[in-house]
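Take a look at the structure set out below.
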Amino acid sequence: MRHLIILFAILTTVPSVAQQSISLEECYRLVDRNYPLAQQTGLLEAQNQLESEAVATAQLPQIALDAYATYLSDVIEFPLAMSGIEPLNNDQYRATVSVNQLIYNGGATKASLDLKSVQLKAKQKEVEVGLYQLKKQINQLYFSVLLAQESKALLQAKEKQLRAKLKEVRSGIKYGVLLPASDKVLEAELLKLKQQFQETESNKRALVETLSSLIGKPLNRETVFESPLVKTDLQTDVNRPELEWFELKKEEIETSENVLSKQNAPKLLGFATGGYGNPGLNMLDNSFQEFYTVGVKLNWKVFDWNANKRQREALAINRDIVETESETFKLNTSIELNRQQREIEKIESFIASDQEIIQLRKEVLESADSQLKNGVITASAYITELTHLYEDENTLIRHKIQLELAKANYKVIKG
């Protein structure tokens, strides 16, 4: 009984595994999450956090330790009248600890932190752009799998029809209505169908494996790919991540200009130094002494040979470069959208013609079917008409898949 229960559980779980399904939108979500490039978003954030913390340390006390020992070839000598003063030693020693505290630097530290923040957003948006550009590749793979899936279903329908016809033909041969070799033509066609099944299955397997690697999810050959009904709003309003990236690059340039404007601002620092050495601050006391100094100091770079100005002019040119790249992207996207719209309209007209052709082919096949039953035409002639119908039905399916692919690509181009 226990073994029967286990066997029953296995048999009931297998169909659920075999019937795994996936949608186009799920593929988009998976590639955004599992593609190796997606990991850079978190890495960039961690990197920016460390760099920002390093910049922020400028506002903390800066501590330095200095120590030295020297031997002087000559020292100060005092007149005989001051013979009571012990002459200085030629060897001197000193160790100091200095503390500097930034009091004011014109907002340079805050400007640098703001720049780091904008740079993070721009880099993360660049990752998003890279992931977004994979959507066209996903579309191509996904709809190619759909085409293979639909082609297989059409082959199965043709096979079913051929087997039914083979049964009728054999019955006709048995009763002398049809020629003895008529069934051989149908059997040969069934063997050709078997080859087509193998080719379709092989192509589908390669496409599924590629898509599986891209989205980072295991897919098997039994996975059902859902047929999306892509709705498109044929307008030219573009909402691509590239446009946001261009705006962030401009913001990065503006923030960089702000950082440069703060570089030559006056810097006010407080300092304190404590030490131990021989001699100390009192040069006349020729012994080891403790000493300290405290104070404030001002640093102001008044003239830098226009280096700062030239850097800002270079940033202005860089802003113009980003602007031209943005305009070029908008123009190319508009052209691509227009071309894709024309492609959609062309395929829609093809589909209308395909449907008319298939209706005519069905009427011809019905006539050929009746003629074959009555021995008027051979099985080869029937196969010819059946193949014509199959090819036209396959063309219709291909055009329908191409239409959905064109619409999906239009949405991707539009954003």
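In this chain, residues are counted from 1 in sequence order.
Under the 3.5 Å distance criterion, the side-chain polar atoms of S326 are left unmatched by any main-chain donor or acceptor of V322. The backbone N or O of Q59 lies less than 3.5 Å from a partner atom in the side chain of Q101, making a donor-acceptor pair. Of the possible polar contacts, one joining the T324 side chain to the I321 backbone as a donor-acceptor pair under 3.5 Å is found. The backbone N or O of E226 sits nowhere less than 3.5 Å from a side-chain atom of S23 that would complete a donor-acceptor pair. At distances below 3.5 Å, not a single donor-acceptor pair connects side-chain atoms of T109 with backbone N or O atoms of N105. No donor-acceptor pair closer than 3.5 Å links the side chain of N374 to the backbone N or O of V376. Under the 3.5 Å distance criterion, the side-chain polar atoms of N278 are left unmatched by any main-chain donor or acceptor of Y93. N264 contributes no side-chain N or O that, together with a main-chain N or O of N308, makes up a donor-acceptor pair within less than 3.5 Å. Between the side chain of Q124 and the backbone N or O of T41, at least one donor-acceptor pair lies under 3.5 Å. Formation of a donor-acceptor pair under 3.5 Å by the S171 side chain with backbone atoms of K167 is not found in this model.
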### Task
Evaluate the criterion side chain to side chain contact (heavy atoms under 4.5 Å, CB included) for residue pair D32 and Y132; output intermediate values, then yes/no.
CA-CA 8 Å; D32 285 342; Y132 190 86; over 6 Å; no
### Task
Walk me through it: do Q371 and Y382 pass the test side chain to side chain contact (heavy atoms under 4.5 Å, CB included)?
CA-CA 9 Å; Q371 291 174 341; Y382 174 82; over 6 Å; no
### Query
Going through the distances and angles, do E336 and K136 end up as a salt bridge (Lys or Arg N to Asp or Glu O under 4.0 Å)?
CA-CA 13 Å; E336 196 174 359; K136 270 194 173 182; 2.3 Å; yes
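K174 NZ to D183 CG: the interatomic distance, rounded to the nearest 0.5 Å, is 13.5 Å. Atom CZ of F225 sits about 8.5 Å away from atom CG of L207, to the nearest 0.5 Å. Put simply, CD on Q149 and CZ on F143 are 12.0 Å apart, with the number rounded to the nearest 0.5 Å. Atom NE2 of H399 and atom CG of N394 lie 10.5 Å apart (nearest 0.5 Å). Here the straight-line distance linking atom CD1 of I413 with atom OG of S334 works out to 11.0 Å at 0.5 Å rounding. The CD atom of Q195 sits 12.0 Å away from the CG atom of L190 when rounded to the nearest 0.5 Å.
The pair E187-R170 meets the salt-bridge criterion, with a side-chain N (NZ, NE, NH1 or NH2) lying under 4.0 Å from an Asp/Glu carboxylate O. Under 4.0 Å is where a charged nitrogen must lie from a carboxylate oxygen, and between E251 and K121 no such pair does. Using a 4.0 Å cut-off between charged side-chain N and carboxylate O, E247 and R240 make no salt bridge. The pair R312-E257 fails the salt-bridge criterion, with no side-chain N (NZ, NE, NH1 or NH2) lying under 4.0 Å from an Asp/Glu carboxylate O. Salt-bridge formation is not detected for the pair E126/K123: no Lys NZ or Arg NE/NH1/NH2 atom is positioned less than 4.0 Å from an Asp or Glu carboxylate oxygen. Ion pair K250/E254 not flagged as a salt bridge, since none of the NZ, NE, NH1 or NH2 atoms sits closer than 4.0 Å to an Asp/Glu carboxylate oxygen. Under the 4.0 Å criterion applied to side-chain N and carboxylate O atoms, K204 and E201 are not assigned as salt-bridge partners.
Residues T273 and S98 come closest through the heavy atom pair OG1-OG, 3.3 Å. Of all non-hydrogen atoms in L281 and Y292, the two that sit nearest each other are CD1-O, 3.8 Å. Between T200 and A148, the closest heavy-atom pair is CG2-O, 3.4 Å. Between I22 and L30 the shortest heavy-atom distance is CD1-CD1, 4.2 Å. Of all heavy-atom pairs between P61 and V99, the closest is CB-CG1, 4.1 Å. The two residues L113 and A56 come nearest to each other via the heavy atoms CD2-N, 4.3 Å.
At least one side-chain heavy atom of I347 sits less than 4.5 Å from a side-chain heavy atom of E343. For the pair N100/K297, a side-chain contact is recorded, criterion being any heavy-atom separation below 4.5 Å from C-beta on. Using a 4.5 Å heavy-atom threshold, the side chains of L386 and K158 count as touching. With contacts defined as side-chain heavy-atom distances shorter than 4.5 Å, the pair K414/N239 does not qualify. Side-chain atoms of Y104 and L269, non-hydrogen and from C-beta on, never get closer than 4.5 Å to each other. Side-chain contact between R163 and E159: present, with at least one pair of heavy atoms (C-beta onward) separated by less than 4.5 Å. Looking at T387 and E189, their side chains come closer than 4.5 Å, going by heavy atoms from C-beta outward. The shortest side-chain heavy-atom distance between V185 and T378 does not fall under the 4.5 Å cut-off.
For E53, the CD atom sits in a packed shell: over 12 heavy atoms of surrounding residues, nucleotides or ligands are nearer than 6.0 Å. K217 NZ: more than 12 foreign heavy atoms inside a 6.0 Å radius.
For the pair R398 and F350, the cation does not sit on the ring face, since its NZ or CZ is not both under 6.0 Å from the ring centre and inside 45° of the axis.
Side chain to side chain, N332 and T328 fail the donor-acceptor criterion of an N or O pair below 3.5 Å. When only modelled atom types and interatomic distance are considered, D114 and N258 share no side-chain donor-acceptor pair under 3.5 Å. Counted by atom type alone, E45 and Q49 present zero donor-acceptor pairs between their side chains at under 3.5 Å.
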